J.: 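Before we start, here is the structure in question, set down as structure tokens.
This is a predicted model, so every value here is computed, not measured.
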Amino acid sequence: FTQLGEYALELADGCRNIVVRQNHFWDLGAGAMQLGVTDLSSLKEGLKPDATDENPRRVDNLLIDNNCIHRLGTLWHGCYGIVNRFASRTRITHNEIYDTHWDAIGLDARWNWTGPEDKYSHGNVVAYNHLHHLGMGYHTDAAGVYQFGPLDTHIHHNLIHDAVAYPYICGYAGIYLDQQSRGAVVENNLVYNMDWFAYFQHKGTDNVFRNNIGAFARDGLISRGSLNDQWRANYMEAIGNIYVTHDEIAIGRDWEPGDKPPVLSRNIYFSLTENTPLSCAGKTFEQWQAAGRDQGSLIGDPGFRDPALYDFSLSDDAMACRQIGFVPFDDEIKKAGLVGEAQWRNVSE
């Protein structure tokens, strides 16, 4: 799919049990794929309030696997590489996406998920994707994997690196759970060289970030967006993650506790620059812990083989494994991106 002006492929009303595999999307005016019905009100049109039968327009069980996607947004920079809207049980796996200005993968279903209509966007999986060289200085408030809305997403074993944000506001994160995100599990991802936080949550709730690696992000491992009078819940758990930096920033920004304070626990932070005391939101690590954050966390060398050269592999007896129970995923993260014969894996060269 090449030299097209809009999204190259759309799977919408009633699409189910469809596989999109081993395609090359490149040199596109907008993004590669838009999945699902874009508007919830239109999705529900014609259904009786007490309807129990299946909605014929519901989109379900799509597999987007092993596609090469690059040079996007040549006409419209603000496009996703792949965007999943009101569609459930979509699996986005083993894709390589690069050379694009905004979110590489988006799960964007804008709604209020309370009530029986929560069935229209849930249970999606984003796994084993290689997302790199993103943002390109054009966009901000973005991420390699960005979510607004869907429930119970599983985001795992993605390799995300090298993003440059528009320089004047926010930034470009690795994985970003935005408003209405609920019940997401973010685990076993490797994120480095980000122009913001490695991981970020804003106005989501009940999400878990665990057993992830972050490195060399401008503003540290993780952050949570600010609260207001209308939104007092922004709960997340960040447990058993590792963060490595060249500078002093472990966590770059503080946040209000809110109605249910977030839990940070058993994380490891380390600076490769000798004699560099790490800071959390402008506080020393000791002050940060004294305020109730990062209980059971520590500063120390996690045991990566050569993080300066992006070798984040760990031996089973590494400090991170012994001290916080980190489970290495070295072999699995090597599977991120395109799979198959070498000719296909190098299709864009």
Side-chain angles (χ1 to χ4, degrees), residues 102-107 126 131-135 137 139-148 153 155-156 158-179 181 184-205 207-227 234-256 258 261-265 267-271 278-283 285 288 293-294 297 299 307 312:
W102 201 36
D103 305 311
I105 296 175
L107 301 154
V126 179
L131 315 174
H132 60 100
H133 295 92
L134 309 167
H139 267 280
T140 187
D141 197 22
V145 179
Y146 171 84
Q147 173 167 302
F148 189 127
T153 305
I155 301 171
H156 65 94
N158 297 285
L159 173 59
I160 306 171
H161 60 94
D162 292 291
V164 179
Y166 179 74
Y168 300 108
I169 184 173
C170 296
Y172 201 108
I175 297 174
Y176 179 172
L177 302 182
D178 205 349
Q179 298 184 39
S181 297
V185 175
V186 179
E187 61 184 349
N188 301 326
N189 300 283
L190 171 55
V191 172
Y192 62 88
N193 290 351
M194 287 292 116
D195 205 3
W196 204 14
F197 312 101
Y199 303 92
F200 184 51
Q201 174 171 304
H202 180 59
K203 295 184 180 178
T205 191
N207 302 305
V208 176
F209 298 81
R210 66 189 180 205
N211 212 77
N212 300 288
I213 298 170
F216 317 130
R218 187 191 75 194
D219 296 319
L221 171 65
I222 195 164
S223 190
R224 192 188 70 162
S226 59
L227 305 179
N234 194 353
Y235 181 72
M236 67 175 182
E237 298 178 5
I239 299 174
N241 304 288
I242 304 174
Y243 183 68
V244 175
T245 182
H246 289 298
D247 57 26
E248 77 286 357
I249 299 173
I251 290 181
R253 190 170 77 187
D254 204 354
W255 54 76
E256 303 173 54
V263 173
L264 277 73
S265 177
N267 302 299
I268 288 183
Y269 306 93
F270 183 62
S271 178
L278 287 170
S279 67
C280 296
K283 303 178 176 67
F285 190 67
W288 177 253
R293 279 85 185 258
D294 262 311
S297 298
I299 291 176
F312 298 98

J.: What distance do Leu177 atom CG and Phe148 atom CZ have between them, rounded to the nearest 0.5 Å?
T.: 12.0 Å

J.: Measure the NE2-CG distance between His139 and Asp103 for me, rounded to the nearest 0.5 Å.
T.: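 If I round to the nearest 0.5 Å, the distance is 9.0 Å.
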
J.: Please confirm whether the backbone N or O of Gly258 pairs with a side-chain atom of Asn234, one donor and one acceptor, at under 3.5 Å?
T.: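 Looks like no, no N/O pair under 3.5 Å.
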
J.: Please determine whether side-chain contact (heavy atoms from CB on, under 4.5 Å) holds for the pair Val191 and Asn212, giving the CA-CA distance in whole Å, both sets of side-chain angles, and the decisive distance to 0.1 Å.
T.: CA-CA 8 Å; Val191 172; Asn212 300 288; over 6 Å; no

J.: Over 60° means perpendicular and under 30° means parallel, so tell me whether Phe216 and His246 are parallel, tilted or perpendicular.
T.: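 Judged by the thresholds at 30° and 60°, the geometry between Phe216 and His246 is parallel.
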
J.: Could you pull out the closest heavy-atom pair between Arg253 and Ser223, with the gap in Å?
T.: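 That would be NE-OG, 3.7 Å.
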
J.: Roughly how far, to the nearest 0.5 Å, is the CG atom of Asn241 from the CG atom of Asn211?
T.: 7.5 Å

J.: Hey, mind stepping through Glu187 and Val208 against side-chain contact (heavy atoms from CB on, under 4.5 Å) and telling me if it holds?
T.: CA-CA 8 Å; Glu187 61 184 349; Val208 176; over 6 Å; no

J.: Looking at every heavy atom in both Ala198 and Ala217, which two are closest together, and how far apart are they?
T.: N-CB, 3.6 Å

J.: State whether the side chain of Asn207 and the backbone N or O of Ala184 hold a donor-acceptor pair below 3.5 Å, judged by distance alone.
T.: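 Yes: the side chain of Asn207 pairs with the backbone of Ala184.
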
J.: Any non-hydrogen side-chain atom of Asp141 less than 4.5 Å from a side-chain atom of Tyr176?
T.: yes

J.: Could you grab the distance from atom NZ of Lys203 to atom OG of Ser226, nearest 0.5 Å is fine?
T.: 6.5 Å

J.: Between Tyr172 (side chain only) and Thr140 (backbone N and O only), is there a donor and an acceptor less than 3.5 Å apart?
T.: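 Not confirmed, Tyr172 side chain does not pair with Thr140 backbone.
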
J.: Using a 3.5 Å distance criterion without hydrogens, assess whether the side chain of Tyr192 forms a donor-acceptor pair with backbone atoms of Leu159.
T.: no

J.: Can you check side-chain contact (heavy atoms from CB on, under 4.5 Å) on Met194 and Ile160, steps first, answer last?
T.: CA-CA 9 Å; Met194 287 292 116; Ile160 306 171; 3.9 Å; yes

J.: Is there a donor-acceptor pair under 3.5 Å between the side chain of Asp195 and the backbone N or O of Ala165?
T.: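 Such a contact is found between Asp195 side chain and Ala165 backbone.
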
J.: Just by modelled atom types, is the Asp247 backbone N or O under 3.5 Å from a matching donor or acceptor in the Ser271 side chain?
T.: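 Yes: the side chain of Ser271 pairs with the backbone of Asp247.
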
J.: Begin from the C-alpha positions of Tyr269 and Thr245 and carry the test side-chain contact (heavy atoms from CB on, under 4.5 Å) through to its verdict.
T.: CA-CA 8 Å; Tyr269 306 93; Thr245 182; over 6 Å; no

J.: Any sub-3.5 Å donor-acceptor pair from Asn267's side-chain atoms to Ala238's backbone N or O?
T.: yes

J.: Determine whether the aromatic ring centres of residues Tyr168 and Tyr166 are separated by less than 6.0 angstrom.
T.: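 Close enough - the centres of the two rings lie under 6.0 Å apart.
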
J.: Quick one: closest heavy-atom pair of Ile222 and Trp255, and the distance?
T.: O-CZ3, 4.1 Å

J.: Closest heavy-atom contact between Ser265 and Ser297?
T.: C-OG, 3.5 Å

J.: How long is the span from the CG atom in Leu221 to the CG atom in Asp294, to the nearest 0.5 Å?
T.: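 The CG atom of Asp294 is 8.5 Å from CG of Leu221, to the nearest 0.5 Å.
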
J.: I want to check something: taking the side chain as every heavy atom from C-beta on, are Asn193 and His132 in contact at a cut-off of under 4.5 Å?
T.: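 A side-chain contact under 4.5 Å is absent here.
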
J.: Without swapping roles, check the side chain of Asn158 against the backbone of Val126 for a donor-acceptor pair under 3.5 Å.
T.: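 Flag set: sc Asn158 to bb Val126 pair under 3.5 Å.
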
J.: How are the rings of Phe200 and Trp196 set relative to one another: parallel (under 30°), tilted (30 to 60°) or perpendicular (over 60°)?
T.: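 Tilted, since the angle between the ring planes falls between 30° and 60°.
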
J.: Check Ala143 against Gly174 and note the closest heavy-atom contact, atom names and distance.
T.: CB-O, 3.8 Å

J.: For the residue pair Tyr199 and Asn189, confirm or rule out a side-chain donor-acceptor distance under 3.5 Å.
T.: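 No, no side-chain donor-acceptor pair sits under 3.5 Å.
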
J.: Once rounded to the nearest 0.5 Å, what's the spacing between atom CD1 of Ile249 and atom OG of Ser279?
T.: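 Going from the CD1 atom of Ile249 to the OG atom of Ser279 covers 6.0 Å.
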
J.: Counting distance only, does the side-chain N/O of Tyr243 pair as donor-acceptor with the main-chain N or O of Ile251 below 3.5 Å?
T.: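 It does not hold such a pair.
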
J.: So, Glu237 and Tyr235: side-chain donor and acceptor under 3.5 Å apart, yes or no?
T.: yes

